[in-house]
Number of protein chains: 2
Amino acid sequence: MTTRTGRRGEARERVVQAAVRLIARHGVEGTSLQMIADELGVTKAAVYHQFQTKEDIVVAVVRPIFGELLDAVDAAERRPTRAAQVDAGIRGLIDVLLRHREIAAAFAGDPVIFNVVRADAELNGLVERMGLLLAGPDPDPATRIAVSLVGSGVAAGAADPALTDLDDDTLREGLLVCARRALGLPDNG
Amino acid sequence: MTTRTGRRGEARERVVQAAVRLIARHGVEGTSLQMIADELGVTKAAVYHQFQTKEDIVVAVVRPIFGELLDAVDAAERRPTRAAQVDAGIRGLIDVLLRHREIAAAFAGDPVIFNVVRADAELNGLVERMGLLLAGPDPDPATRIAVSLVGSGVAAGAADPALTDLDDDTLREGLLVCARRALGLPDNG
DNA sequence: GTCTATATAGGGATAGAC
DNA sequence: GTCTATCCCTATATAGAC
């Protein structure tokens with residue numbers, strides 16, 4: 001099952017990383033197994049040795065990032081006050097997306113990823129927890145709109161090709177200020 | 001070229017409308033000519049009678065919406081003060097996206113549409129004019145980030161399936177307030 | 001872990017009849 | 001304006017050798 005030249009799961013991880021790069025540029029539907037194989041310099045069959053289906057690759061791309069988001073949501077929910085929870089939630093979301101700047105846009109807009117998330121109760125539940133964290137229970141329309149705009153806007157901003165010249169810290173600070181304003185929060189935490 | 005049963009371009013328009021619905025849900029790459037044909041109850045060949053290539057269909061979907069955006073940018077640039085220009089720009093952008101709520105998300109995130117726009121000097125120039133309108137010349141990083149977040153966030157918000165229960169006016173008001181805040185503008189125009 | 005080879009389906013696109 | 005039929009290519013996926 002494994003070779004002695006590599007640690008367990010190394011080839012698998014290479015597939016995931018290649019998939020991330022390609023999906024970021026072409027979207028899930030625009031990324032073929034052939035493209036992934038070419039990126040790695042192997043054949044499609046080698047990719048299929050690691051994953052049974054293309055969807056499995058998408059899941060392998062999405063899951064770990066949602067894992068990081070889960071940690072962020074867990075930590076945010078443990079904060080004592082609502083204000084601190086919102087603050088930690090928005091910071092956590094931005095941090096996760098910045099650690100995955102390349103692929104962040106696909107999380108906001110790719111229809112396949114959208115469906116993968118929606119079809120998975122665990123992933124879907126996490127999205128709802130994040131929404132509840134930022135919007136609170138029974139939010140009014142204005143709040144719902146703000147959360148929607150900020151969520152998508154932060155993801156798209158983190159991945160925006162026009163902002164690749166900005167380093168992570170500059171981008172984090174800018175997104176944070178902008179998101180807090182959009183949500184109608186005071187300018188500091 | 002035309003039949004006596006329909007006005008000129010009627011079938012062509014039906015193809016565009018079907019494409020809009022499908023692209024909104026599945027993205028450009030996730031939408032096949034077969035799907036468009038099935039949606040209309042015709043064959044692929046009938047669709048090809050109206051458009052030579054799939055990309056032509058995408059262009060026909062994108063162009064008229066950019067036409068509306070062009071009008072909005074033109075009008076905004078004629079305003080006397082910078083503040084009025086920004087205000088008209090953001091209002092115009094939101095209005096155009098709300099008139100096309102279904103497909104709005106694809107304009108923010110679909111890789112194929114992104115490339116179609118980037119490859120067309122006219123469309124690309126319009127995007128740059130809108131950016132200049134909102135950010136001004138030589139914007140600092142914070143402003144560039146805010147414009148990026150607002151642009152994508154407004155498009156995604158207008159199309160968000162979670163907000164389909166809100167009518168256009170509620171959504172317009174919410175997006176406007178939120179966008180103005182994110183850009184650091186005073187709460188009214 | 002990777003290869004060649006292949007099965008099967010669907011994609012975009014064209015030719016020519018009605 | 002639409003149809004049938006077809007071409008060619010690429011897609012996902014599998015089988016079995018090395």
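None of these values were measured; they are calculated from a predicted model.
Going from atom NE2 of A/His49 over to atom C1' of D/dT12 covers 18 Å, rounded to whole Å. Residue A/Asp38 contributes atom CG, which lies 15 Å from atom C1' of C/dC3 at whole-angstrom precision. Note: CD (A/Gln50) to P (D/dT14) measures 15 Å, nearest angstrom. At whole-Å resolution of the value, CZ in B/Arg12 and P in D/dT2 are 13 Å apart.
Counting non-hydrogen atoms under 4.0 angstrom, A/Arg14 reaches the backbone sugars and phosphates but no base.
The environment of CD in A/Glu13 is crowded: more than 12 heavy-atom neighbours from other residues, nucleotides or ligands sit within 6.0 Å.
The phosphate of D/dC3 (OP1 or OP2) has a side-chain N or O of B/Thr43 nearer than 4.0 angstrom.
For B/Ala11, whose side chain is taken as the heavy atoms from C-beta onward, the closest listed nucleotide among C/dT2, D/dG1, D/dC3 is D/dG1.
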Please write out the pairs of protein N or O atoms and N or O atoms of nucleotides 12-14 of chain C separated by less than 3.5 Å, giving the distance to one decimal.
| from | atom 1 | to | atom 2 | distance (Å) |
| --- | --- | --- | --- | --- |
| C/dG12 | OP1 | B/Lys54 | NZ | 3.2 |
| C/dG12 | OP2 | B/Leu33 | N | 2.8 |
| C/dG12 | N7 | B/Lys44 | NZ | 3.1 |
| C/dG12 | O6 | B/Lys44 | NZ | 3.4 |
| C/dA13 | OP2 | B/Tyr48 | OH | 2.9 |
| C/dA13 | OP2 | B/Lys54 | N | 2.8 |
| C/dA13 | O5' | B/Tyr48 | OH | 3.3 |

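Contacts of B/Asp95 classified as salt bridge (Lys or Arg N to Asp or Glu O under 4.0 Å), with partners at least two apart in sequence or in another chain: B/Arg172.
Comparing A/Met35 and B/Gly41 along DNA chain D, the residue whose closest nucleotide (by nearest heavy atom) sits nearer the 5' end is B/Gly41.
Comment: A/Asp168 engages A/Arg101 in a salt bridge, judged by a side-chain N to carboxylate O separation of less than 4.0 angstrom.
Applying the side-chain hydrogen bond (donor to acceptor under 3.5 Å, both in side chains) test to residues at least two apart or on different chains, the pairs with a partner in residues 136-155 of chain B are A/Asp160-B/Ser148, A/Asp165-B/Arg144, B/Asp140-B/Thr143.
For the residue pair A/Glu68 / A/His100, a side-chain donor-acceptor distance below 3.5 Å is found, with atom types taken as modelled.
The line from CG of A/Leu70 to CZ of A/Arg129 is 6.0 Å long, rounded to the nearest 0.5 Å.
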